[in-house]
Amino acid sequence: MFKVQNTKSGVKATLTGFNTQELSNKIDECKNGECSCSCSPEIMDKIKNIEVADENNATSITITGDVDKNELEPMMKECLL
């Protein structure tokens with residue numbers, strides 16, 4: 001499952017069937033500008049914080065910043081899945 005929704009302060013994604021640590025490592029690479037996918041620098045600049053947590057057999061990714069689901073979901077699918 002891959003579910004993305006808007007929140008008051010950004011976006012929250014919930015993924016099942018993935019290793020939380022692997023996803024966290026991929027996100028760290030994107031935050032550091034070292035990822036191999038097409039992370040948009042303009043979008044990454046809008047992000048203030050990214051938190052990754054393991055919750056109830058799923059991985060929760062909370063992204064805080066001036067972003068919405070429509071711009072992040074395609075980038076997340078390409079980079080994380």
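For the numbers below, each heavy atom of this structure counts, side chains included, while hydrogens, waters and symmetry mates do not.
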J.: Should we count CG of Asn57 as having more than 12 external heavy atoms under 6.0 Å?
T.: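 Atom CG in Asn57 is not crowded, with 12 or fewer foreign heavy atoms closer than 6.0 Å.
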J.: Are more than 12 heavy atoms from other residues, nucleotides or ligands located less than 6.0 Å from atom CG of Asn56?
T.: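 For Asn56, atom CG is not crowded (no more than 12 foreign heavy atoms under 6.0 Å).
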J.: Mind checking disulfide (SG to SG under 2.5 Å) for Cys79 and listing every partner two or more places apart, or none if nothing turns up?
T.: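 Scan of Cys79 (disulfide (SG to SG under 2.5 Å), adjacent residues dropped) gives Cys37.
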J.: Which residue pairs pass the salt bridge (Lys or Arg N to Asp or Glu O under 4.0 Å) test when at least one of the two sits in residues 26-38, sequence neighbours left out?
T.: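 Listed once each, the pairs are Asp28-Lys31.
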J.: Check Ser40 against Met75 and note the closest heavy-atom contact, atom names and distance.
T.: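 Taking every non-hydrogen atom into account, N-SD, 3.5 Å.
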J.: For residues Leu72 and Val4, determine if any side-chain heavy atom of one lies less than 4.5 Å from a side-chain heavy atom of the other.
T.: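 SC-SC contact between Leu72 and Val4 ruled out.
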J.: What verdict does the side chain to side chain contact (heavy atoms under 4.5 Å, CB included) test give for Thr62 and Ile50, after you've listed the backbone C-alpha separation in whole Å, the side-chain angles of each residue and the deciding distance to 0.1 Å?
T.: CA-CA 6 Å; Thr62 304; Ile50 302 174; over 6 Å; no
J.: So do the side chains of Ile63 and Asn49 get within less than 4.5 Å of each other, counting heavy atoms only?
T.: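 Of all side-chain heavy-atom pairs linking Asn49 with Ile63, none is under 4.5 Å.
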J.: Not counting sequence neighbours, list each pair that qualifies as a salt bridge (Lys or Arg N to Asp or Glu O under 4.0 Å) and has a residue in residues 53-69.
T.: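 Matches after skipping sequence neighbours: Lys12-Glu55, Lys69-Glu73.
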J.: Considering all heavy atoms of both residues, which atom of Thr14 and which atom of Ala58 are nearest to each other, and what is their separation?
T.: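 That closest heavy-atom pairing would be CG2-CB, 4.0 Å.
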J.: Distance from Thr59 atom OG1 to Ile61 atom CD1, nearest 0.5 Å?
T.: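 One gets 6.5 Å once the value is rounded to the nearest 0.5 Å.
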J.: Find the distance between CG (Leu81) and CZ (Phe18) and round it off to the nearest 0.5 Å.
T.: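 It comes to 4.5 Å.
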J.: Between Ser9 (side chain only) and Thr64 (backbone N and O only), is there a donor and an acceptor less than 3.5 Å apart?
T.: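 Not a single qualifying donor-acceptor pair exists.
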J.: Calculate, to the nearest 0.5 Å, the distance between atoms CG and CD1 belonging to Asn32 and Ile27 respectively.
T.: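 Here the rounded value is 12.0 Å.
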J.: To the nearest 0.5 angstrom, please state how far the CG atom of Leu15 sits from the CG atom of Leu80.
T.: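 Leu15 CG to Leu80 CG: 6.5 Å, rounded to 0.5 Å.
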